[in-house]
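Below: one structure, written as structure tokens.
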Amino acid sequence: MLKKIRCYLEARLFYIWLLFFSALTVFISPESTIHYAIVSTYLVYYLVYAVNRKLFFWLVGFITITLFLYYPVDLRYGSLNSGIVAAFIETNMDESLSFLQQLKISNFFIPLIFVFSAFILFRVEKYNKPTDNKKILHSILFLILLFSILWLPTKLYVKQLDGLEDTAWSLTNTPVNVIAFYTNIYESINSYYNEKNELENLINIPSPWQLSSVQPKYKNYVLIIGESVRRDWVSTYGFHLPTTPFLDQTKGYINSGYISAAPATYHSLLYSLYLKDQKTKKVNYAYNIITLAKAANFKTIWLSNQGSMGKYDTIASRIGSSADVHLFTKKGAFNTSYVDDDKLLEMFAAQMNQTATEGNRLFVLHLMGSHAKFCDRVNDKVTIDFVNKSLSCYASSILKTDALIENVVALLKQQQQRYSLIYFSDHGLSYINKEDKNELSLTHGSEFKQNYEVPFFKLSSDDTHRKIVNVQRSAMHFMYGFAQWLGIQAQELNTDYDFFSEKNDTDIKVFNFEKEVPFAELKEDKLSVYK
């Protein structure tokens, strides 16, 4: 009896192990799933094996390698989306190494089990003897598989036709997560490149703005775009260490309620520096801060320390490349050199002199700011001591940005011309490894309010007092504030909206890499134990 059971199990060992491998595939795949996904995944493997043994080996090998590589990314950033694709494609070698250094050996425990199970699957397959003449069974199983994969995307598509949801038919909506994952890879990459091509094709298109009035108040306008600064780490907003001594005492407009549009640079600046069409609810790339300023006959100068891999690299460098003058400190796809933000001060001073005879000028300075790795931003020179080296470097990087802004203001004063300066950070960060004081640090995230709560202030040559407000203001409306700041009125912009009023924006939403969600519903990410 036992011998018969043993022979029965040995004859079917491959299919038993294939079921276990299917369960692991579902577990390690990042997309959301459903209870029958294991069976559906098993049917995918089984039917491919029945059709072509060599194709089966290639399929299992491909899935094993890709899921092994993506699982650590999923632990940090979640399922794949166009934001992650943009970050992957547009990063440089230094940032890639920074990400790899944040990974732990434990992140690879489950992926290694998955690889080992694939190896066993290949070994036991050698002893399997496939049986023929199962065409009817295979046809029935194929129809069952097809239904399990397609029913939910079709259901959502029908709802979209009824006007209940704005969801196109897509296999990313299938509850079989391994299918959804690879569909998502294709659609995310395709979406990114379509968006990139649209932006690049618009570089040389004449400005479409229809201006009704241009009355600039100042000669020089400076927009400083910071990087990765959480508002609650800025001493002006209450942080207990002096991270912003210049801002702490300067006159100007300081808002404690500015909300970033997204938790990473790409989408944050996409929704801040470009105008969203109120009818289609999509970003219109032809309408942005540079095309608006140029339409109003401003001399536009873009100075960036974020790099330019090729002619156009990030969402910001592409818009920057359409400015009258555009200078990048880093060029080349694999430039690993560190360039201090202070280099922008030299470039700014030079451009102030070279364009002195021009009319109204708009300078945009795009900083590396507090981008990871934090200690690289301050050349390992810690000026503020807090908890551990990583957080000390982060605090010091904010202090360094504060000093840079002070120096920019000093250069503006030397010109003896009227000026106004706006600073905001593109997004915040969230804590990781809270349980370990030595490992505690900050990284990108999308689920907390602090991923979007950033500093925003305006300093002008005619400021007479220090005004601190707590007005809920969405960065998705920054285009309106930008036009108001420059004294521009355009038919495309609502003249009744006052960006600098004390009236709160209502129903503020943020883009969390996948969709727009209510900011008020996000969780808090506080740290008080180490104060």
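Sequence positions, counted from 1, serve as the residue numbers for this chain.
- Taking the six-membered ring wherever Trp is involved, the centroid distance between the rings of Phe457 and Tyr258 does not fall below 6.0 Å.
- Here the side chain of Asn360 pairs no donor or acceptor atom with the backbone of Lys299 at under 3.5 angstrom.
- Contact of the Leu367 side chain with the Thr401 side chain is registered, since non-hydrogen atoms from C-beta on lie closer than 4.5 Å.
- The side chain to side chain contact (heavy atoms under 4.5 Å, CB included) check on Ala395 picks up Trp233, Thr243, Ile384, with sequence neighbours excluded.
- Using bins of under 30°, 30° to 60° and over 60° for the plane-to-plane angle, the ring pair Tyr70/Phe181 lands in the tilted bin.
- Between the side chain of Asn407 and the backbone N or O of Ala403, at least one donor-acceptor pair lies under 3.5 Å.
- Inter-residue side-chain proximity for Leu391 and Leu442 is flagged as met; some heavy-atom pair is nearer than 4.5 Å.
- Sequence neighbours left out, the pairs with a member in residues 206-217 that pass salt bridge (Lys or Arg N to Asp or Glu O under 4.0 Å) are Lys217-Asp462.
- In summary, the side chains of Ser370 and Ser397 do present a donor paired with an acceptor at a separation below 3.5 Å, with no hydrogens or angles considered.
- When the side chain to side chain contact (heavy atoms under 4.5 Å, CB included) test is applied to Ala261, the partners found at least two apart in sequence or on another chain are Tyr271, Ser272, Ala475, Met476.
- No salt bridge links Arg377 with Asp340; every basic N to acidic carboxylate O contact stays at or beyond 4.0 Å.
- Side-chain atoms of Arg418 and Ser461 include no donor-acceptor pair closer than 3.5 Å.
- By the 4.5 Å heavy-atom criterion applied to side chains, His477 and Tyr497 are counted as neighbours.
- Counting only N and O atoms by type, the side chains of Glu227 and His427 include a donor and acceptor under 3.5 Å apart.
- Every residue two or more places apart in sequence or in another chain that forms a salt bridge (charged side-chain N to carboxylate O under 4.0 Å, His left out) with Glu516 is listed here: Lys276.
- With respect to Val325, the side-chain contact (heavy atoms from CB on, under 4.5 Å) criterion is satisfied by exactly one of Met347, Gln351, Gln354: Gln351.
- Between the side chain of Gln491 and the backbone N or O of Ser212, no donor-acceptor pair lies under 3.5 Å.
- At a threshold of 4.5 Å between non-hydrogen side-chain atoms, the residues Tyr452 and Ser268 do not count as touching.
- One finds the CD1 atom of Ile422 at 9.5 Å from the CG atom of Leu459 (value rounded to the nearest 0.5 Å).
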Compile the donor-acceptor pairs under 3.5 Å between side chains in residues 479-490 and protein atoms, sequence neighbours left out, one pair per line.
{"residue": "Gln484", "atom": "OE1", "partner": "Phe499", "partner atom": "N", "Å": "3.0"}
{"residue": "Gln484", "atom": "NE2", "partner": "Asp498", "partner atom": "OD1", "Å": "2.7"}
{"residue": "Trp485", "atom": "NE1", "partner": "Ser420", "partner atom": "OG", "Å": "2.8"}

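- For the pair Asp341 (side chain) and Met368 (backbone), a donor-acceptor distance under 3.5 Å is present.
- Put simply, the side chain of Asp376 never gets that close to the backbone of Ala372: no donor and acceptor are under 3.5 Å apart.
- Closest heavy-atom contact between Thr300 and Ala293: CG2-CB, 3.7 Å.
- Legend: residues meeting side chain to side chain donor-acceptor pair (under 3.5 Å) with Asn288, ordered by chain and number and at least two apart, are Thr291.
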Check the pair Leu270, Tyr285 against side chain to side chain contact (heavy atoms under 4.5 Å, CB included), reporting the backbone distance first and the verdict last. CA-CA 9 Å; Leu270 174 65; Tyr285 302 116; 3.4 Å; yes
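- Taking 4.5 Å as the limit, every side-chain heavy atom of Asp525 sits out of range of all side-chain heavy atoms of Asn451.
- Scanning for salt bridge (charged side-chain N to carboxylate O under 4.0 Å, His left out) contacts around Lys509 gives an empty result, with sequence neighbours left out.
- Residues satisfying the side chain to side chain contact (heavy atoms under 4.5 Å, CB included) criterion with Gln249, sequence neighbours excluded, are Phe246.
- In this structure the side chain of Leu421 reaches within 4.5 angstrom of the side chain of Ile224, judged on heavy atoms.
- Using modelled atom types, one side-chain atom of Asn255 and one backbone atom of Val471 make a donor-acceptor pair closer than 3.5 Å.
- Side-chain atoms of Asn504 come within 3.5 Å of backbone N or O of Gln472 as a donor-acceptor pair.
- The minimum heavy-atom distance between Ala286 and Pro208, with the atom names listed, is O-CD, 3.5 Å.
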Begin with the C-alpha distance, continue with both residues' side-chain angles, and end with the deciding distance and a verdict on side chain to side chain contact (heavy atoms under 4.5 Å, CB included) for Ile289 and Trp302. CA-CA 11 Å; Ile289 63 169; Trp302 188 284; 4.3 Å; yes
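- By the 4.5 Å heavy-atom criterion applied to side chains, Phe448 and Tyr431 are not counted as neighbours.
- Under the salt bridge (Lys or Arg N to Asp or Glu O under 4.0 Å) criterion, the residue pairs touching residues 232-253 are Arg230-Asp232, with sequence neighbours excluded.
- Side-chain atoms of Arg231 never come within 3.5 Å of backbone atoms of Tyr237 as a donor-acceptor pair (strictly under, hydrogens ignored).
- Take Lys449 and apply the side chain to side chain contact (heavy atoms under 4.5 Å, CB included) test, not counting sequence neighbours, and it matches Glu453, Phe519, Leu522, Glu524.
- Shown here for Pro455 and Tyr423, the closest heavy-atom pair between the two residues is CG-CE2, 3.7 Å.
- Closest approach of Val382 and Ser392 over heavy atoms only: CG1-CB, 3.6 Å.
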Checking Phe298 against Ile290 for the side chain to side chain contact (heavy atoms under 4.5 Å, CB included) test, could you report, in this order, the C-alpha distance in whole Å, the side-chain angles of both residues, the deciding distance, and whether it holds? CA-CA 9 Å; Phe298 278 74; Ile290 294 300; over 6 Å; no
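- Residue Val229 comes nearest to Ser425 through the heavy atom pair N-OG, 3.0 Å, listed as atom of the first residue, atom of the second, then distance.
- Applying the salt bridge (Lys or Arg N to Asp or Glu O under 4.0 Å) test to residues at least two apart or on different chains, the pairs with a partner in residues 343-356 are Lys343-Glu346.
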Test salt bridge (Lys or Arg N to Asp or Glu O under 4.0 Å) applied to Lys400 and Asp342, step by step: CA-CA 9 Å; Lys400 184 177 177 64; Asp342 286 344; 3.2 Å; yes
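- Proximity of a side-chain donor or acceptor of Asn433 to a complementary backbone N or O of Leu440 within less than 3.5 Å is not detected.
- At least one donor-acceptor pair under 3.5 Å links the side chain of Ser260 to the backbone N or O of Asp426.
- In this structure, Phe348 and Phe363 have perpendicular ring planes: the angle between them is above 60°, well past the 30° mark.
- Ring orientation note: the planes of Phe500 and Tyr253 are nearly perpendicular, at an angle over 60° on the 30°/60° scale.
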Can you list the steps and then say if Asn284 with Tyr274 is a side chain to side chain contact (heavy atoms under 4.5 Å, CB included)? CA-CA 7 Å; Asn284 190 325; Tyr274 294 82; over 6 Å; no
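- The heavy-atom pair separating Val364 from Ile225 by the smallest distance is CG1-CD1, 4.0 Å.
- For residues 465-487, the salt bridge (Lys or Arg N to Asp or Glu O under 4.0 Å) pairs, not counting sequence neighbours, are Lys467-Glu502, Arg473-Asp505.
- Between Ser460 and Tyr419, every side-chain heavy-atom pair lies at or beyond the 4.5 Å cut-off.
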